[in-house]
A.B. asks: 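The structure is given below, and queries will be raised subsequently.
Chain identifiers are assigned alphabetically (A, B, ...) following the order of the sequence lines, protein sequences preceding nucleic acid strands; residue numbering begins at 1 within each chain.
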Amino acid sequence: MKQALENLVAQALAKLQDSGELRPDLAVEIQIERTRDRRHGDFACNIALVLARQAGKKPRELAERITAALPAAPAIARVEVAGPGFINFHLAPEAYHQVARDILEAGEAYGRSTLGHGRRVQVEFVSANPTGPLHVGHGRGAAYGAAVANLLVAVGYQVHREYYVNDAGRQMDILAVSLWLRYLQRCGEQLPFPANGYQGQYVIDIATALYELHGERLRRPAHEVASGLPSDEPDGGDKERHIDALIERTRTLLGEADYRLVFDFGLQAILDDIREDLEEFGVVYEEWYSERSLVERGLVRRAIERLKQGGYLYERDGAWWFRSTQFGDEKDRVVIRDNGQATYFAHDIAYHMDKMERGFERVIDIWGADHHGYVPRIKAALAALGDDPQRLDVLLVQFASLWRGGQKIPMSTRAGQFVTLRELRREVGNDAARFFYVMRKCEQHMDFDLDLAKSQTSDNPVYYIQYAHARICSVMRQLAEKGLTWNQEQGLAHLRQLVEPHEQELLMTLSRYPEVIESAALAHEPHQLAHYLRELAHAFHTYYNAHPFIVEHAALRDARLALVLATRQVLANGLRILGVSAPETM
RNA sequence: GCGCCCGUAGCUCAGUUGGAUAGAGCGUUGGCCUCCGGAGCCAAAGGUCAGAGGUUCGAAUCCUCUCGGGCGCGCCA
């Protein structure tokens with residue numbers, strides 16, 4: 001429709017140029033937009049405002065001239081000039097009837113497009129350290145990333161969802177040590193637990209499983225573990241030095257093979273838990289990408305070598321630095337520590353180098369907003385490697401705070417006091433969690449109201465939308481109970497029966513769906529879809545209250561049911577993209 | 001101190017490639033079920049778009065400054 005109107009305006013402009021009323025060299029993109037206010041018609045064009053200066057005419061006068069030159073079209077009921085010089089198009093009721101037909105014929109495919117031309121896009125999201133269960137902050141990244149990926153699929157991209165597993169590095173060593181200490185305690189050894197260790201109950205549970213599998217084979221006497229270590233924080237020492245020494249001691253006492261065994265046992269247990277958690281949440285990946293494999297395959301070494309070859313590295317204080325300031329970063333960054341170990345950043349450079357080499361045309365990283373300072377250095381690294389940093393989009397997701405009974409729930413990872421994603425899902429359900437997480441713009445701080453998410457009333461937008469879907473299913477059940485059936489062919493043949501304002505409104509809303517999908521996908525903003533679905537549900541509920549569908553008059557009945565079933569289809573399509581179910585009964 | 005994000009109705013938030021009288025939900029107030037699910041609908045009240053300048057036909061939207069909030073500034077990951 002937009003395209004058709006654009007053509008009409010183009011024809012009108014050409015006509016005015018031919019007759020000499022307008023200069024032939026005017027070159028402006030014609031924009032047709034949905035009106036915000038129903039009284040301004042269905043579509044509006046601001047061309048007269050844009051061209052007024054160039055044309056040397058007043059906007060309203062120019063708009064009148066363009067309007068007069070517009071060719072007639074059956075889809076347009078009337079055209080008028082309004083406000084400062086907008087050209088408003090009021091469509092004929094028939095113009096929208098086609099929408100219902102399109103939807104019923106396309107079914108699940110309605111709203112999809114080929115905009116992406118099958119181009120390959122990678123979306124990396126969540127990627128939480130496998131040192132503990134996912135918490136509610138990760139949940140938002142999961143729901144958001146999954147929705148963005150689904151949207152990109154809907155507009156024709158080939159999407160590769162990936163989870164970067166941080167299975168190397170000090171945090172994992174700390175987990176391994178925490179696990180072993182809990183195991184030793186399980187064996188009956190009396191040992192203090194380090195301040196910097198992972199305190200959670202889940203570590204104790206994994207330690208029990210380790211004990212059940214290996215018995216006391218990995219047991220070492222407490223005095224051998226603890227003797228001669230620098231003191232821990234509660235004893236006036238430095239907790240970082242203490243835990244580092246403890247890691248070394250663990251390695252020595254267990255030997256490399258058994259250390260690796262404990263390490264991997266913890267890693268696998270937590271990774272399995274995360275994977276299961278996400279699957280239950282409806283979030284699945286094409287690939288789980290191991291950080292350790294980057295090192296083992298020599299990618300880190302190669303990335304460093306490339307930077308060195310390019311002259312982007314220099315040595316200072318025994319460490320190797322990347323000249324990221326050359327690409328706009330605030331300061332240069334260490335890639336090889338003075339102890340010879342590569343930094344996390346070096347691994348990440350290799351990872352992003354690999355993403356580019358795998359041939360993704362666009363790479364999307366979804367990070368917690370607290371990592372925003374990290375963006376310039378990663379882009380700098382890509383530039384130094386000779387890749388185009390523009391191919392990488394980093395989307396930052398703000399944290400969500402939970403509210404219950406009007407009170408903010410305090411959370412701190414440090415104190416081991418955080419609500420897990422699993423707890424949240426159990427409390428409010430997957431559907432409410434998925435929807436609430438994507439209801440807000442991702443860079444917006446979000447207050448997640450648990451009471452609202454749980455409430456089964458119209459206050460709750462998830463139920464409101466799902467209810468619209470269930471209600472339509474219920475209508476169809478009623479129809480069957482009355483011994484009637486819906487005749488699709490008859491319904492589509494009699495769409496012109498749909499003349500009520502409520503029907504026009506609903507059809508108009510339905511026709512916007514493909515535009516919403518496209519816009520939400522390109523902007524990476526699933527909240528646009530969430531808001532749209534609420535509007536659509538509202539248009540339906542209003543219609544439902546105003547007019548009965550199961551009427552005597554068969555042609556009208558079939559037409560109304562066609563409209564209602566088209567609505568159900570769009571509700572289902574949209575909810576699916578957001579990862580929310582479309583139930584037949586509530 | 002420097003950098004990034006944010007500030008819109010009592011509350012939670014939409015609206016920013018510059019468009020018409022700034023919207024929605026909740027909450028508040030008042031209406032609507034012999035009728036397809038009232039888990040719904042209709043209506044009213046509610047605004048200095050944090051503040052001050054600037055850019056122009058036009059600014060919540062772009063620029064500058066100020067105020068207020070969040071986050072980041074490791075040879076951690």
A.B. asks: For rC5(B), does the base pair up with any side-chain atom of H372(A) as donor and acceptor (N or O, under 3.5 Å, distance only)?
C.D. replies: no
A.B. asks: Report yes if a side-chain nitrogen or oxygen of H527(A) is closer than 4.0 Å to either non-bridging phosphate oxygen (OP1 or OP2) of rG15(B); otherwise report no.
C.D. replies: yes
A.B. asks: Of the candidate nucleotides rA77(B), rC36(B), rU12(B), which contains the atom at the shortest distance from the side chain of N129(A)?
C.D. replies: rA77(B)
A.B. asks: Below 30° counts as parallel, above 60° as perpendicular, anything between as tilted: where do the rings of H371(A) and Y374(A) land?
C.D. replies: perpendicular
A.B. asks: Which nucleotide in the set rC42(B), rC36(B), rC5(B) lies at the smallest distance from any side-chain heavy atom of I550(A)?
C.D. replies: rC36(B)
A.B. asks: Report yes if at least one side-chain N or O of R333(A) is closer than 4.0 Å to OP1 or OP2 of rC73(B); otherwise report no.
C.D. replies: no
A.B. asks: What nucleotide, of rG19(B), rC36(B), rC75(B), holds the atom closest to the side chain of W321(A)?
C.D. replies: rC75(B)
A.B. asks: Please state whether the rings of W367(A) and H352(A) are parallel, tilted or perpendicular, taking 30° and 60° as the class boundaries.
C.D. replies: perpendicular
A.B. asks: Nearest-Å distance, NE2 (H502(A)) to P (rC36(B))?
C.D. replies: 18 Å
A.B. asks: Of all the choices, rU17(B), rA20(B), rA77(B), which nucleotide is nearest to the side chain of E33(A) once you look at every atom?
C.D. replies: rU17(B)
A.B. asks: Given the P atoms of rC62(B) and rU17(B), what is the spacing between them in whole Å?
C.D. replies: 9 Å
A.B. asks: So which nucleotide from rG3(B), rA77(B), rC75(B) ends up closest to the side chain of E291(A)?
C.D. replies: rA77(B)
A.B. asks: Between K441(A) and rG15(B), is there a contact of a side-chain N or O with OP1 or OP2 at under 4.0 Å?
C.D. replies: yes
A.B. asks: Would you mind telling me which of rC73(B), rC76(B), rA14(B) lies closest to the side-chain atoms of R440(A)?
C.D. replies: rA14(B)
A.B. asks: When you measure from the side chain of H531(A), which nucleotide among rG74(B), rA77(B), rC13(B) comes out closest?
C.D. replies: rC13(B)
A.B. asks: Quick one: which of rC6(B), rA20(B), rG25(B) gets closest to the side chain of E443(A)?
C.D. replies: rC6(B)
A.B. asks: Whole Å only: how far is the CD1 atom of I174(A) from the P atom of rC76(B)?
C.D. replies: 11 Å
A.B. asks: Select one nucleotide: of rG69(B), rA77(B), rC36(B), the one nearest the side-chain heavy atoms of H445(A).
C.D. replies: rG69(B)
A.B. asks: With nearest nucleotides of RNA chain B determined for D317(A) and N46(A) from heavy-atom distances, which residue corresponds to the more 5′ nucleotide?
C.D. replies: N46(A)
A.B. asks: Would you please test K441(A) and E525(A) for salt bridge (Lys or Arg N to Asp or Glu O under 4.0 Å) and show each step?
C.D. replies: CA-CA 7 Å; K441(A) 263 191 312 206; E525(A) 292 185 345; over 6 Å; no
A.B. asks: Does rC32(B) adopt a syn or an anti glycosidic conformation, taking syn as a chi angle within 90° of 0?
C.D. replies: anti
A.B. asks: Assuming nearest nucleotide by heavy-atom distance, tell me which of A82(A) and A537(A) is located more 5' along RNA chain B.
C.D. replies: A82(A)
A.B. asks: Taking the side chain of H40(A) as heavy atoms from C-beta outward, which of rG70(B), rA20(B), rC36(B) is closest to it?
C.D. replies: rA20(B)
A.B. asks: Are H538(A) and H541(A) an aromatic pair, judged by ring center distance below 6.0 Å?
C.D. replies: no
A.B. asks: Establish, for the pair R377(A) and F322(A), whether the NZ or CZ atom is under 6.0 angstrom from the six-membered ring centre and no further than 45 degrees off its axis.
C.D. replies: no
A.B. asks: Q444(A) side chain N/O closer than 4.0 Å to the phosphate oxygens (OP1, OP2) of rU12(B)?
C.D. replies: no
A.B. asks: Check whether any side-chain nitrogen or oxygen of Y464(A) sits under 4.0 Å from OP1 or OP2 of rC41(B), and answer yes or no.
C.D. replies: yes
A.B. asks: Does the ring of H371(A) meet both stacking tests against the six-membered base ring of rG72(B): centre distance under 5.5 Å and plane angle under 30°?
C.D. replies: no
A.B. asks: Without decimals, in angstroms, what is the distance between Q398(A) CD and rC13(B) C1'?
C.D. replies: 15 Å
A.B. asks: According to a strict under-4.0 Å criterion, is T542(A) in side-chain N/O contact with OP1 or OP2 of rC42(B)?
C.D. replies: yes
A.B. asks: Picking from W403(A), Y463(A), F448(A), Y144(A), what satisfies ring pair (Phe, Tyr, Trp, His ring centres under 6.0 Å) with F436(A)?
C.D. replies: F448(A)
A.B. asks: For F86(A) and rG19(B), is the gap between ring centres under 5.5 Å while the planes differ by less than 30°?
C.D. replies: no
